[in-house]
Amino acid sequence: MKKTIILSDFDGTITTINVLDSLYEKFGGPGFRNHMERWRRGEISTMEEIELIFRTVKATRQDMETFLRTVDLDPGFKSLVNYCNNQDIPFAVISDGLRWYIDYILDFHDAGIPDVYAGDISFTSDGFRFDFPWYDPAYPLRSTAKPLIVKDYQQQGYSVIFIGDGLTDVEAAEVADVIYAKDVLLYEAGERGIQAQQFENMHDIYREL
Ligand SMILES: [Mg+2]
């Protein structure tokens, strides 16, 4: 049997809310909403959106982490990850957001930290610094080139199950072997003729594996 890996989006997929958007809403300063709108229209990339909005943030890391503790995980996430561990199916997170809050939230919920492909933030005395190690110019609007990560696993012989909910998941869904989708991704998959299975929460996926 072909080896399988599960690659999952984080914001709105592993968590019940979009964490990055919530950080913007809670801590963004003047003009942040305009940057969000421009990102939605595809006028600026995720990297530009993150850098522009965090430039307006006055909150400290601690302020933001206090908020992160209120973020809930998908009710089926832990069952799905346990199942993967028992079956030796690797599970990794691929996110257009930031590894800092992904690690923080998973750690807070004792969920174990899988491999994470995401952007990096460092908190320095003169502000926030960003690094996007998975950026690729082939996908200039995204901070993490999700389809390239999917294809890389396929080249290693994996069948890739991809789970996502949003606009930044569309290109990965186009190349993955099996797709579970909800919300915007489900809609976009329908528009583009991408075969995707609808899920409400990860219990639905766990039951089907
Ligand atoms: Mg998402």
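Residue numbers count from 1 along this sequence. Note that ligands are numbered from 1 as they come in the structure, with each ligand's atoms numbered from 1 the same way. Everything numeric in this text was worked out from a predicted model, so none of it was measured.
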(request) Using a strict 4.0 Å threshold on nitrogen-to-oxygen distance, state whether Asp9 and Lys146 make a salt bridge. (result) yes

(message) My understanding is that only one of Phe10, Tyr206, Phe91 makes a ring-ring contact (aromatic ring centres under 6.0 Å, His included) with Phe77; could you say which?
(response) Phe91

(request) Check all N, O or S atoms of Asp9 and name the one closest to the Mg ion (ligand 1). (result) OD2

(message) Only N/O/S atoms count here: what is the atom of Asp11 closest to the Mg ion (ligand 1) called?
(response) O

(message) Which atom name would you report as the N, O or S atom of Asp165 nearest the Mg ion (ligand 1)?
(response) OD1

(request) Using a strict cut-off of less than 4.0 Å between a Lys/Arg side-chain nitrogen and an Asp/Glu carboxylate oxygen, indicate whether Glu65 and Arg61 qualify as a salt bridge. (result) yes

(message) Regarding Thr60 and Asp63, do their side chains bring together a donor and an acceptor under 3.5 Å, going by distance alone?
(response) yes

